[in-house]
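Okay, so here's the structure we're looking at.
Only heavy atoms go into these numbers, but all of them, side chains included; no hydrogens, no water, no symmetry mates. All chains are named by letter (A, B, ...) in the order of the sequence lines, taking the proteins before the strands, and each is independently numbered beginning at 1.
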2 protein chains.
Amino acid sequence: MADLNFTLPPERPARTADAAEGADEPIWDIIELLFFAYRDFVGDPDDVLAKFGFGRAHHRVLHFINRNPGIKVADLLVILKITKQSLGRVLKQLVDEGYVVQREGENDRRQRLLFVTPKGEALALKLAGLQTTRIARAVAEIGPNAHETARRFLAAMIDATDRDEVLRLIARAERGGRTRR
Amino acid sequence: MADLNFTLPPERPARTADAAEGADEPIWDIIELLFFAYRDFVGDPDDVLAKFGFGRAHHRVLHFINRNPGIKVADLLVILKITKQSLGRVLKQLVDEGYVVQREGENDRRQRLLFVTPKGEALALKLAGLQTTRIARAVAEIGPNAHETARRFLAAMIDATDRDEVLRLIARAERGGRTRR
DNA sequence: AAAATACGTCAATATGGCTGACCTAAATTT
DNA sequence: AAATTTAGGTCAGCCATATTGACGTATTTT
């Protein structure tokens, strides 16, 4: 195989003439790269989680509680797009083992607001650190514009109906995750 | 996504903006965008697959057979990083329902070389089309450099040990793989 | 002839989803 | 005040996808 280390030949103009046709050629490279990149991206945390007796589901729950302290159970369900029964199972373990605590809502005492404990935050940060190392390495390899372009590309990949909500969610957590009263 | 309203007290000290110092600061935006983008990216195929009684596992198997006609079972296992038992169940369904055929290797009659049928290719292309639509939309939104940058970013996210192998795989399939049915 | 290889299969187990039903406590509506 | 809705929890069972381990069979290699 010839060398195509990371100066991949631009294969966009591969179908110059028939580009106007409706039969769009699948964008195989991005499809496959997303598969492999995501697999490795979640693979690092998976290895650590296994040592704690946790799985990917625990990671997602812990992540979003850490990023959005005080989040309501109902809102977490919306973000994760799972049922409360599915959430309940992993959440119970995280609570029982001291990674997450629940507090009664002040205004509405039916609510169980979710917070990570110091222990939970430590684990969340450890896992995020692994992923950050990978991302930082990728960005460093490619150049300073990579972060911004990657962010915009990934945002554009999100369902249009959800995108603004997701970006708000990220931005809000970026500011510290609370307020908004 | 429903409106998310957090009403809760400040719990965590505000992070120091996006200071350049934070070499240890997690890259939250990419971490979360990857989660949401990948979820939607595989969501489109999932909906179609459900109508066929298939799942995501069938998609992956069908995809890589379609892209690498004549692939050996052993090689497919390496790509997917699953066990032959896991593959076996899914592959059997795809064969039984006429999406994939197996042929004895010419040189080595122990091998079962895998090919998609026309029916299988049609499904693979339909699923790839959905994902391509999403990617093309994202690329169109961002600009002409997006495809190239996204490709390089995603490639750089792959484990260094696997990367060259993956890129070879993609490049080889891009050229048409090997013998067609 | 023996060993290694490619593949298949049986059995048991784990994870993480799902639906449906039902429960309590608290808030809201009537 | 009573009725209803909401937030959340829980029990029970099912499904899809993954795992490990053991074993079998045909074929190739040594």
Side-chain angles (χ1 to χ4, degrees), chain A residues 35 39 42-43 45-47 49-65 70-96 100-115, chain B residues 2-8 35 39 42-43 45-47 49-63 65 70-97 100-114:
Chain A
F35 168 75
R39 194 215 302 100
V42 295
D46 281 354
D47 295 340
L49 287 157
K51 296 179 196 155
F52 287 77
F54 290 147
R56 206 171 290 177
H58 302 86
H59 185 191
R60 292 197 285 261
V61 171
L62 183 65
H63 171 93
F64 283 107
I65 295 174
I71 190 173
K72 288 186 296 180
V73 169
D75 288 339
L76 193 50
L77 292 177
V78 170
I79 290 174
L80 297 174
K81 283 187 184 166
I82 60 175
T83 59
K84 65 178 172 180
Q85 294 92 328
S86 297
L87 173 61
R89 197 158 34 198
V90 295
L91 184 56
K92 188 173 190 306
Q93 291 176 266
L94 289 170
V95 170
D96 287 350
V100 170
V101 290
Q102 298 172 290
R103 274 210 316 249
E104 249 181 20
E106 291 178 3
N107 304 328
D108 187 337
R109 288 172 43 219
R110 293 170 305 181
Q111 297 173 349
R112 300 296 151 84
L113 307 186
L114 303 170
F115 300 84
Chain B
D3 200 31
L4 304 175
N5 281 317
F6 307 157
T7 57
L8 47 101
F35 168 73
R39 199 226 275 117
V42 295
D46 282 353
D47 296 340
L49 288 157
K51 296 179 195 153
F52 287 75
F54 289 149
R56 206 171 291 177
H58 302 86
H59 185 192
R60 294 197 283 260
V61 171
L62 183 65
H63 171 92
I65 295 174
I71 189 172
K72 288 186 298 179
V73 169
D75 288 341
L76 194 49
L77 292 179
V78 169
I79 291 174
L80 298 175
K81 283 189 183 163
I82 59 176
T83 59
K84 64 179 171 180
Q85 294 91 328
S86 295
L87 173 63
R89 180 178 39 80
V90 168
L91 183 57
K92 188 174 191 305
Q93 290 176 267
L94 288 170
V95 170
D96 287 349
E97 301 185 32
V100 169
V101 290
Q102 297 173 291
R103 248 176 22 210
E104 250 181 18
E106 292 175 2
N107 304 328
D108 187 337
R109 287 170 43 218
R110 292 170 304 181
Q111 296 173 348
R112 301 298 149 82
L113 307 186
L114 303 169

Would you say that more than 12 heavy atoms from the other residues, nucleotides or ligands in this model lie under 6.0 Å from the NZ of B:K92, or not? no
Given atom [atom1] of [X] and atom [atom2] of [N], what is their separation to the nearest angstrom?
X	N	atom1	atom2	result
A:L113	D:dT6	CG	P	19 Å
B:L80	D:dA16	CG	C1'	16 Å
B:I71	C:dA6	CD1	P	14 Å
B:R103	C:dA6	CZ	C1'	18 Å
A:I82	C:dT15	CD1	C1'	13 Å
B:L114	C:dG8	CG	C1'	13 Å
B:K81	D:dT20	NZ	P	14 Å
B:R89	C:dC7	CZ	C1'	17 Å

Minimum heavy-atom separation for [X] to [Y], with atom names?
X	Y	result
A:L113	A:K72	CD2-CG, 3.6 Å
B:L94	B:L62	CD1-N, 4.2 Å
B:V90	B:A57	CG2-CB, 3.8 Å
B:F52	B:E97	O-OE1, 4.4 Å
B:V73	B:L114	CG2-CD1, 4.1 Å
A:F35	B:I79	CE2-O, 4.4 Å

Protein-proximity profile, nucleotides 24-30 of chain D, B/S/- by nucleotide at the 4.0 Å heavy-atom cutoff, equals --BBS--
For B:Q93, report the nucleic acid contact type (base, sugar-phosphate, nothing); a contact means any heavy atom under 4.0 Å. nothing
Specify the residues of residues 49-61 of chain B, ordered by number, for which at least one heavy atom lies under 4.0 angstrom from an atom of DNA chain D. B:G55, B:R56, B:A57, B:H58, B:R60
List the steps, then state whether side-chain contact (heavy atoms from CB on, under 4.5 Å) holds for B:Q102 with B:L91. CA-CA 10 Å; B:Q102 297 173 291; B:L91 183 57; 4.0 Å; yes
Proximal nucleotide (of D:dG8, D:dG9, C:dC18) relative to the A:Q111 side chain: D:dG8
Any B:S86 side-chain N or O less than 4.0 Å from OP1/OP2 of D:dT17: no
Holding to ring pair (Phe, Tyr, Trp, His ring centres under 6.0 Å), I want the full list of residues that pass it with B:F54, two or more places apart in sequence or in another chain. B:H58, B:Y99
With distance as the sole criterion, do the side chain of A:Q85 and the base of C:dG20 form a donor-acceptor contact below 3.5 Å? yes
